[in-house]
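Everything below concerns the one structure shown next.
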Amino acid sequence: MKVLWFEVTPPAKYLGQGWVIGGWQDSLERIVRQIPEIELSIAFEVTGIQPAPQTINDVKYYPIALQYTKKEKKQSEISWNIHAEKLLPELKKIVEEVKPDLIHVFGTEWPFGLIAETITIPTVIHIQGSIAPYNNAMFPPGYNLWDILGTIGWTHLSRIKKRYKEYKLDKSRLEIEMRAWKAVAHYMGRTHWDEALSEIMHPNRKYYHVEEALRTEFTTTEKKWEIPSRDSIQLISTGCSNFWKGPDMLLKTAKILTDLGIDFEWYVAGMMPKDVKHTVEKKVGVRFAQCNVRFTGFLQPEKLSELLVNSTMYVHTAYVENSPNSICEAQCLGVPIVSTNVGGIASLVKHGEQGLLVPANDPWQMAYAIIKISKNKDLMIQFSNNSRECARKRHDDHSIKEQILKTYYSIVK
């Protein structure tokens, strides 16, 4: 069976370097490579001059480098329409060359799904997130665009224009996504959230359950969380890079713990844009550093897993989600979980059995959950063992291989 993927980011195998951009897509590629009856081709966007296709270990890679005029570049800063118009002809060329039996698109949020408007080849979208609910949670309660612009300061007009263009661009993606939802009738997902959302967006669509592939540094490692020997609490979160991820919830929770005199440190892996960071600090009235929050920057899997197993628990503060890899990876290592109960997280973490779930925008409940778990060693062990056992089964390569193969054949038939 010939299968053509349209990926959001360049595959790690193609890049030939250690740094992985799309970890779960690369992990699924690792699994599909093991299926002899699948002939895989992967198309994705790159910047610069158009490179030639490459074949690496029997997988054909098709990089796409779109070229824009000055006018088109300016238009594409505030609208996705130019990008979609440029991309679709390139996608059709690749489809004509590969002649796939099935097209597998990653994500509804990009224009790749629009290929289904002009072809009859079966197409399935692997749901990641969705712009519609994300735009609905674009800002936390009490925040808006003017808070960001005010933080930047009106003397920095170029930065204000850039931020406003980004805001307009985010809003314009919704139209593209809605077209993709309408055009594609087959969807892969793994949570109640994406199952429900896909039915609302495309009534009577076909839905297939395929669990998420994860990096082997988390699924097969011998590293395992154990109760820390220190008295202080060490928290870890990842990916607070935008307002969706609840950076305000993180800081408000940290402030409550600080005001209570709790001895803790809170590590945040990844980068938080300065505008977001400063806006949240201005609104909450305290700096992250004053509340024992430390930003580590991006971490390679080995360093991240080491930080996870040495933490007291993993904390997730998002306002909207589907199935965050960060929670799944922490579970595979047996790290106790505290998370907001949003999106598909309830499909990953059973409240009271594998961790504690709290309402979004309720830092008092989150602070209480953190303190409760940290004081109860038996509860920590229960959450750790239950999470690790469940996650190891859920993200098992062999199981996912069977699920993806069954899905492909079902769609093609």
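Remember, predicted model here, so these are calculated numbers, not experimental data.
Evaluated for a side-chain hydrogen bond (donor to acceptor under 3.5 Å, both in side chains) with Tyr62, the options Glu97, Lys93, Glu90 yield exactly one hit, Glu97. Paired with Phe44 under the rule ring pair (Phe, Tyr, Trp, His ring centres under 6.0 Å), one option of Phe112, Tyr14, Trp110 passes, and it is Tyr14.
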Inset, instruction - Show your working on side-chain contact (heavy atoms from CB on, under 4.5 Å) between Met313 and Val315 and close with a plain yes or no. - result: CA-CA 6 Å; Met313 68 194 78; Val315 183; 4.0 Å; yes
Legend entry - Glu45/His83 under side-chain hydrogen bond (donor to acceptor under 3.5 Å, both in side chains): CA gap, chis, key distance, verdict: CA-CA 11 Å; Glu45 285 194 75; His83 181 75; 2.8 Å; yes
Inset, instruction - Decide yes or no on ring-ring contact (aromatic ring centres under 6.0 Å, His included) for Trp244 and Tyr319, but give the supporting numbers first. - result: CA-CA 5 Å; Trp244 296 334; Tyr319 284 98; over 10 Å; no
Inset, instruction - Take Glu353 and His351, measure what side-chain hydrogen bond (donor to acceptor under 3.5 Å, both in side chains) needs, and give me the verdict at the end. - result: CA-CA 6 Å; Glu353 292 183 26; His351 177 69; over 6 Å; no
Inset, instruction - Could you give me the CA-CA distance, side-chain angles and deciding distance for Val335 and Ser387, then say whether side-chain contact (heavy atoms from CB on, under 4.5 Å) is met? - result: CA-CA 8 Å; Val335 185; Ser387 283; over 6 Å; no
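Residues Tyr207 and Asp194 have side chains that bring a donor and an acceptor to within less than 3.5 angstrom of each other. Gln128 and His126 form no side-chain donor-acceptor contact under 3.5 Å, judged by distance and modelled atom types alone. Under 3.5 Å, the side chains of Asn386 and Lys350 contain no donor-acceptor pair of N or O atoms. A side-chain donor-acceptor contact under 3.5 Å links Ser237 and Trp266.
With rounding to the nearest 0.5 angstrom, the CZ atom of Phe264 is 11.5 Å from the OG1 atom of Thr312. Between atom CG of residue Leu102 and atom OG of residue Ser410 there is a gap of 10.5 Å, rounded to the nearest 0.5 Å. Taking OG of Ser374 as the reference point, atom CD1 of Ile233 lies at 3.5 Å (rounded to 0.5 Å). With rounding to the nearest 0.5 angstrom, the CG atom of Asp378 is 9.0 Å from the CE atom of Met380. Note that OG of Ser323 and CD1 of Ile345 are 9.0 Å apart. Values are rounded to the nearest 0.5 Å. Here the straight-line distance linking atom CD of Gln365 with atom CE of Met249 works out to 9.0 Å at 0.5 Å rounding.
Checked by atom type and distance alone, the side chain of Lys99 pairs as donor or acceptor with a backbone atom of Glu96 at under 3.5 Å. Judged purely by atom type and a 3.5 angstrom limit, His316 has no side-chain atom pairing as donor or acceptor with the backbone of Thr340. The backbone N or O of Gly344 lies less than 3.5 Å from no partner atom in the side chain of Thr191, so there is not a single donor-acceptor pair. Without hydrogens or angle criteria, Arg294 side chain to Val268 main chain gives no donor-acceptor distance under 3.5 Å. Under the 3.5 Å distance criterion, the side-chain polar atoms of Ser347 are matched with a main-chain donor or acceptor of His192. Using modelled atom types, one side-chain atom of Trp225 and one backbone atom of Ser311 make a donor-acceptor pair closer than 3.5 Å. With Thr317 contributing its side chain and Lys245 its backbone, the two residues share a donor-acceptor pair below 3.5 Å. The closest donor-acceptor contact from the side chain of Arg394 to the backbone of Leu348 lies under 3.5 Å. Looking only at distances, no side-chain donor or acceptor of Glu199 sits under 3.5 Å from a matching main-chain atom of Ala196. Distance alone, capped at 3.5 Å, places no donor-acceptor pair between the Gln331 side chain and the Ser326 backbone.
Arg30 forms no cation-pi arrangement with Trp24, by the criterion of a distance under 6.0 Å to the ring centre and an angle within 45° of the ring axis. A cation-pi arrangement is absent between Arg205 and Trp181, since the terminal nitrogen or guanidinium carbon is not both under 6.0 Å from the aromatic centre and inside a 45° cone about the axis.
Aromatic ring centres of Phe295 and Tyr267 lie farther apart than the 6.0 Å criterion allows. Between His104 and Phe106, the ring center distance clears the sub-6.0 Å criterion.
Glu177 places a side-chain heavy atom less than 4.5 Å from the side chain of Leu174. Contact annotation: the side chain of Phe288 approaches that of Val280 to within less than 4.5 Å [non-hydrogen atoms, C-beta and beyond]. In this structure, the side chains of Val349 and Ile327 come closer than 4.5 Å at one or more pairs of heavy atoms. Contact of the Ile337 side chain with the Leu356 side chain is not registered, since no non-hydrogen atoms from C-beta on lie closer than 4.5 Å. Counting heavy atoms from C-beta on, the side chains of Arg392 and Cys332 come closer than 4.5 Å. Side-chain contact check for Gln354 versus Cys390: some heavy-atom pair is nearer than 4.5 Å. Residues Ser130 and Glu109 fail the side-chain proximity criterion, which asks for heavy atoms closer than 4.5 Å.
Electrostatic pairing of Glu117 and Arg179 counts as a salt bridge here, judged by a charged N lying under 4.0 Å from a carboxylate O. Under 4.0 Å is where a charged nitrogen must lie from a carboxylate oxygen, and between Lys73 and Glu77 no such pair does. Comment: Glu212 engages Arg190 in a salt bridge, judged by a side-chain N to carboxylate O separation of less than 4.0 angstrom. A salt bridge between Glu217 and Lys223 is absent, with no side-chain N of the basic residue lying under 4.0 Å from a carboxylate O of the acidic one. Look at Asp248 and Lys252 and you find a salt bridge, because one of the NZ, NE, NH1 or NH2 atoms lies within 4.0 Å of a carboxylate O, short of that distance. A salt bridge links Arg215 to Glu329: at least one charged side-chain nitrogen sits closer than 4.0 Å to a carboxylate oxygen. The residues Lys393 and Glu389 are annotated as salt-bridged, a charged nitrogen and a carboxylate oxygen being separated by less than 4.0 angstrom. Between Lys255 and Asp259 there is a salt bridge, since at least one side-chain N of the basic residue sits less than 4.0 Å from a carboxylate O of the acidic one.
Counted within 6.0 Å of CD1 on Ile227, heavy atoms from surrounding residues, nucleotides or ligands total more than 12; the atom is thus considered enclosed. Around NZ of Lys283, the count of heavy atoms belonging to other residues, nucleotides or ligands within 6.0 Å exceeds 12. More than 12 heavy atoms of other residues, nucleotides or ligands lie within 6.0 Å of CD in Gln50, so this atom counts as buried by the packing criterion.
In plain terms, the two heavy atoms of Ile236 and Tyr314 that are nearest each other are O-CD1, 3.2 Å.
Every residue meeting the ring-ring contact (aromatic ring centres under 6.0 Å, His included) condition with Tyr143, not counting sequence neighbours, appears here in chain and number order: Phe243.
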